[in-house]
A.B. asks: 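Sharing a structure with you now.
Quick note on labels: first sequence line is chain A, next is B, and so on, each numbered from 1.
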Amino acid sequence: PRAMAAQLHVAVAANFLGTLQKLAERYRRVSGDTLSLSSGSTGQLYAQIRQGAPFDLFFSADTQRPQLLDSQGLAVAGSRFTYAVGTLVLWSPRPGVVDRRGQIIRRGAFHFIAMANPRNAPYGAAAQQVLTALGQWEPLNQEKKLVIGADITQTWQFAASGNADMAFVALSQVTGPGGRISGSYWLPPRSDYQPIAQDALILARTTQPAAAQAFEHWLRTSSAAAQIIREAGYRPGAP
Amino acid sequence: MALELSLSLTRGSFSLQVDGRWPARGVTALFGRSGTGKTTLLRCIAGLERLPARVVFNDTVWQDATQFVPAHRRSIGYVFQEPSLFPHYDVRGNLEYGLRRRAPEARRVSLDEAVSLLGLETLLSHRPPQLSGGQRQRVAIARALLASPRLLLMDEPLSSLDEISKDEILPRLERLRDALDIPILYVSHALGEVMRLADELVLLEAGRVRAAGPLQSLLTRADLPLGGFDQAGSVLEGAVAEHDPQYHLSYVLVSGGRLALSLQALPPGHRVRVRIDARDVSLALQPSQQSSISNVLPGTVLDLRTEVDPAQMLVRVKVGADVLLARVTRRSAVQLGITEGMGVYVQIKSVALMDK
Amino acid sequence: MALELSLSLTRGSFSLQVDGRWPARGVTALFGRSGTGKTTLLRCIAGLERLPARVVFNDTVWQDATQFVPAHRRSIGYVFQEPSLFPHYDVRGNLEYGLRRRAPEARRVSLDEAVSLLGLETLLSHRPPQLSGGQRQRVAIARALLASPRLLLMDEPLSSLDEISKDEILPRLERLRDALDIPILYVSHALGEVMRLADELVLLEAGRVRAAGPLQSLLTRADLPLGGFDQAGSVLEGAVAEHDPQYHLSYVLVSGGRLALSLQALPPGHRVRVRIDARDVSLALQPSQQSSISNVLPGTVLDLRTEVDPAQMLVRVKVGADVLLARVTRRSAVQLGITEGMGVYVQIKSVALMDK
Amino acid sequence: MGGDDLIALAISVRLAAVTTALLLLLCTPLAWWLGTGSSRWRAPVNAVVSLPLVLPPTVLGFYLLVFLGPQGPLGRALTLVGVASPAFSFTGLVIGSMIYSLPFVVQPLRDAFEGLGTRVLEVAATLSASPWDRFVSVVLPLSSRGFLTAAVLAFAHTLGEFGVVLMIGGNIPGRTQTASIAIFNHAETLEYGAANRLSATLVVIAFLLLLTVYASTRGRGARVQPWRWN
Amino acid sequence: MGGDDLIALAISVRLAAVTTALLLLLCTPLAWWLGTGSSRWRAPVNAVVSLPLVLPPTVLGFYLLVFLGPQGPLGRALTLVGVASPAFSFTGLVIGSMIYSLPFVVQPLRDAFEGLGTRVLEVAATLSASPWDRFVSVVLPLSSRGFLTAAVLAFAHTLGEFGVVLMIGGNIPGRTQTASIAIFNHAETLEYGAANRLSATLVVIAFLLLLTVYASTRGRGARVQPWRWN
Ligand SMILES: Nc1ncnc2c1ncn2[C@@H]1O[C@H](COP(=O)(O)OP(=O)(O)OP(=O)(O)O)[C@@H](O)[C@H]1O
Ligand SMILES: Nc1ncnc2c1ncn2[C@@H]1O[C@H](COP(=O)(O)OP(=O)(O)OP(=O)(O)O)[C@@H](O)[C@H]1O
Ligand SMILES: [Mg+2]
Ligand SMILES: [Mg+2]
């Protein structure tokens, strides 16, 4: 409907960057609009946005920072929504390490478990909740068996490089093409941790509100988008 | 033309106090023992030491209470006591450094002149570490000359050079000085070098000027320590009288008579200065015959003085209007009965012309 | 005791080829013009140049095809041509550097001795930049002495020193050398210094040894250029005959007769060497009376040679078993009719004892 | 290697070159003052010069962003005079990189200047060279080693810099996304193949560049320098 | 400031001190060879020394982790001899910091050694000083400026290092969580007050340390050096 194709600048939390790249590619084909993606940690992107970074949309890895931006009036009213909900997995690149019920944590036959920083990464907070539910949070901390990644990527790297025996990571990271998962893993019960919801919003400073809204609308409603998100190991947020 | 100086500096226990006005023409020798402040004085004149002082060169104020002309605008040439070549240039680069910084019309020495003057032909592409000590010193001299300075400061420039090189370089340097009329302030320990080269002498002792004035008058002054040097002597003014090509001799008339010296390419009547070392002078009561000593002049004893070595005496003899120094043994002095006012014949074994 | 050398080195157009065995005792002077390779030769002996060579000192092989004793194990002292003090130490620190690295029982010079020998008492806490050129040179000499070396290499150590300092230092150095029996290889341009100090002479010319041998025999050799120097002269062996305290004279018997010189504190019979400069020698057909020249000996003319200056001639005269050089004008030579084989009287104005 | 990577590489190289050039230019006077002056402010300034290193790069970047951003003191001043804030632009990257690499340039230069000694300068002055002339004809060539080290450290460090650049540049593809950020992005999206390729390219480029520099310059430096009369 | 922050600060200072000390020790021979040797390998080695700077720290850290990990070449070798992998330990931090700060130590030292000249060493040799003795009594004091710069850069850079340290240390509080990581964490969790406090503490500590060092050492260095006979 618009005369010229728009280019939207999107700030995206690093863990969703790959998925958003796929989404952008798909969206470009349906709308002609392109997305320029700037990734970083959620905290860093948040700081940049507060300092006037030239982004149109913000895809956070949590719900807290979008809420803050919203309350500070830096978001387009009503644009905040949950675009994906993550699933936590305890994973090892080697088969036979993690049992299907997560007993290994109690047995303690390992050197290190990697997890993201619970204070700034939602997956880290979730991992802490799971460990607390297992009654292992305190003991593992005491024994200094927890290595903390700055973000979920680093956490994955700790395990993937074999330096940590296993890691609490996002299911999206270990899901290969066709939904296959290599190595061994355990999916903690969803009841043991709060949903890992990731919120997005349109920034109030955007110069292309129409294009931004169009993309958001597509993302919330298109089944193709939902499909891509699901394949990446997330659950789509409520439409 | 004159160099006016007034400075006072203290470093630890050393202090330098100089007040004076020295004629800035020909060569002024700065003579003094090691550590008396010769280098420090040159540095002050060059503008390399920031200190309260008054330096006036030929009516241009270089430094006083209100102004300070920095070293690079004083148009000096400075041969440092250590050759101090630029390590990042070869010999040619070192030589050209100062040359390039003079406007072509202001250049008074060409690269070729300087190179041949100091015998650097084969060394032009050498880098400083590939030079011997004496070669480095020669490059430093040539470099200073090529800056066509209005005043040349030389701090023991020939100390690492052998006699033959010195004998080659000194006369050429003298000629160049006369041709270009660049006054030179020349630091040296060697009284021989000083006597050969200098017109004026400044005698430094422990940071103070002990005496300053024309070389001739200072050399024979009884109150100065110069007579005590191995190479003590006197300098006489004279005029070329005639030549004797057969024996390769020239005759020079001085106030006391006629002196023979090596043949010079100078016209009769030309005014010259000749140098006579005390050790070359002996005394006799009669003019000797049949001796190889060819210069004998009558004179009158002014006084006798004991030297550091008690076996020796230094006798000052008035010859015409000049004073000659003679070094004789105490025994000879006694045996010949030499006393003040007595008439004697001075026998001069060797007379050297000072290229003037 | 001997120093055996065999080396060959090429640097650009310069090549150094030395083969020889020189006695390592007393002072061996390395004499040669600027750029002839004196410094390079010293560096090879010190082990500072890595090159194929053979260096044997007193039967210890320092270097040959199979071994190389590094510099720090050669027990040498080296006074570099540039003083090269350690910038991070004061004078005392510089002096103690070598001293500390000798076991106490191997030390042969004490700090106090070296300090007073070179007059460094007031300079001990100075840092190198606070020293004058001559002061630096004196510190470098003292530093080398304090390492109590088995061989002392000195590269123009006195070039920045005034005559008085030289006159003070040289005799003390000679005494120290004799007391400690440290052989010295001494580079110098100044023939006067060499004649005064050296026992042996090595004459370098363009990287080759032109001649080597005892000083006396080389000085008067007609085929060497040494006679051409201003300070040419000869050295005679003799023995103290008697003293004349009244005139502060000592008499020395040489092969050709008796010579008077300044009073020496030496017992009669003591063997000494005396130096007689060519310029101090005149010739006469009769022994002169009534002249201040006190030493007159009969001799026979060996030969006459024209000098660089055609007005001058160098006459070699056989006096007893010795050869003296006399510098006379061509005119005198002709007028006196001096020819080979003729009997003459040599008048010697000044005789210097070489502290031996 | 994708086109984005090539662009990022080009931005990195350009950023490193611009940063290095500007730093050499600006730090030379500062280093000269530190190395040859005698003010009693030298010690504190010396200490301050090293401080940019002490903070984690992202944190430094954050403070810079606060300072330079539209709400920051400098940003606001700039906006008043009608200049856009340098945050999230190439200019911002340059400023950030310069601040962070400052010590790597100042310190080797200062050491080089301090080691020169005064004699060569005195000689040049007596040969009529003005202070500026002396600087060009004597100080520069004789401090070439220091300049080389300063340039190499600044260049290499800017190539690899990530935190400050990410923070102040905003990782905008084609504009402020440098190779180091691109590698990081690849790693984030588990494209380890691409990350490895880009890393390898960066390392190889840097190696070849440094090799050329050292092979040509070192030799000269070595010929000039080992000779000293001290 | 919380207890965790204090502990992190202590770890940082200890890490910086250990890293600096080890680097000075290990890099001195390397820098000597680079500065005074004449091998034709010098140029490539010089180039390689600077390469750790070229990669973003986290990437470098990742490669290190792979190299040290159980599947990595070194990790496997260590496991064979019964030594635990240094990943996620203080040892690991030290290794990572050392690799990353290597150029900051090697280059100033190399420059200092290269600038020494041979004469002082020759003089020392003729005064019977053995090579080791010469190194201690002549090279060390006359290169003090280079050592100071190397130490300051390495120390400050290690204090602020974040990427490599985070990667290889695993951010284990009380063991491998350094002050720089703690500041980063504070900033990420929007605890800007705590971040500012810790940053300020770090900066002030570093400033006082550097000031002391420069005020005491610079003076001496300056007195020793301006004099050169070149
Ligand atoms: N900072 C200082 N403290 C004490 N004395 C100093 C200081 N700086 C220089 N001096 C002294 O100043 C004196 C003058 O030195 P200068 O170099 O001018 O002597 P010089 O006449 O050139 O001697 P030389 O003939 O040996 O070169 C020396 O005695 C030196 O010890
Ligand atoms: N790399 C080189 N290329 C060419 N010539 C060189 C090189 N290195 C040294 N030379 C030459 O070697 C010669 C010997 O130098 P050396 O320093 O031994 O002389 P020296 O006898 O000590 O002279 P001086 O009395 O002037 O100190 C010099 O003529 C010098 O030019
Ligand atoms: Mg002097
Ligand atoms: Mg020499």
A.B. asks: Check whether any side-chain heavy atom of E:Leu210 lies under 4.5 Å from a side-chain heavy atom of D:Asn46, and answer yes or no.
C.D. replies: no

A.B. asks: Less than 4.5 Å to any heavy atom of chain E: does that hold for the side chain of D:Phe113, its backbone, both, or neither?
C.D. replies: neither

A.B. asks: With rounding to the nearest 0.5 angstrom, report the CZ to CG distance, E:Phe147 to E:Leu24.
C.D. replies: 6.5 Å

A.B. asks: Counting heavy-atom pairs under 4.5 Å to chain E, which of D:Ser50, D:Pro108, D:Ser199, D:Pro103 comes out on top?
C.D. replies: D:Ser199

A.B. asks: Check the angle between the aromatic planes of E:Phe162 and E:Phe184 and answer parallel, tilted or perpendicular using the 30° and 60° thresholds.
C.D. replies: tilted

A.B. asks: If you count heavy-atom pairs under 4.5 Å between each of D:Leu153, D:Thr58, D:Leu208 and chain E, which one has the most?
C.D. replies: D:Leu153

A.B. asks: Can you tell me how the ring of D:Phe104 sits relative to the ring of D:His157, calling it parallel under 30°, perpendicular over 60° and tilted otherwise?
C.D. replies: perpendicular

A.B. asks: Between E:Arg110 and E:Thr36, do the side chains contain an N or O donor and an N or O acceptor separated by less than 3.5 Å?
C.D. replies: no

A.B. asks: Distance alone, cut at 3.5 Å: any donor-acceptor contact between the side chains of D:Asp5 and D:His186?
C.D. replies: yes

A.B. asks: Which bit of D:Phe207 comes within less than 4.5 Å of chain E, counting heavy atoms only: side chain, backbone, both or neither?
C.D. replies: both

A.B. asks: Give a yes or no on whether the backbone of D:Glu161 and the side-chain of D:Ser180 come within a donor-acceptor separation of less than 3.5 Å.
C.D. replies: yes

A.B. asks: At a 4.5 Å cut-off on heavy atoms, which part of D:Ala187 comes close to chain E: side chain, backbone, both, or neither?
C.D. replies: neither

A.B. asks: Which bit of E:Val45 comes within less than 4.5 Å of chain D, counting heavy atoms only: side chain, backbone, both or neither?
C.D. replies: neither

A.B. asks: Contact part of D:Val54 toward chain E, heavy-atom cut-off under 4.5 Å: side chain, backbone, both or neither?
C.D. replies: both

A.B. asks: So which of D:Asn196, D:Thr212, D:Ile205 has the largest heavy-atom pair count under 4.5 angstrom toward chain E?
C.D. replies: D:Asn196

A.B. asks: Specify which of E:Gly35, E:Pro56, E:Gly163 makes the most heavy-atom pairs with chain D at under 4.5 Å.
C.D. replies: E:Pro56

A.B. asks: Need one label for E:Phe155: side chain, backbone, both or neither, based on atoms under 4.5 Å from any heavy atom in chain D.
C.D. replies: neither

A.B. asks: Could you give the distance from CG (E:Leu142) to OG (E:Ser144), rounded to the nearest 0.5 Å?
C.D. replies: 7.5 Å

A.B. asks: Which atoms of E:Val203 come close to chain D, meaning under 4.5 Å heavy atom to heavy atom: side chain ones, backbone ones, both, or neither?
C.D. replies: both

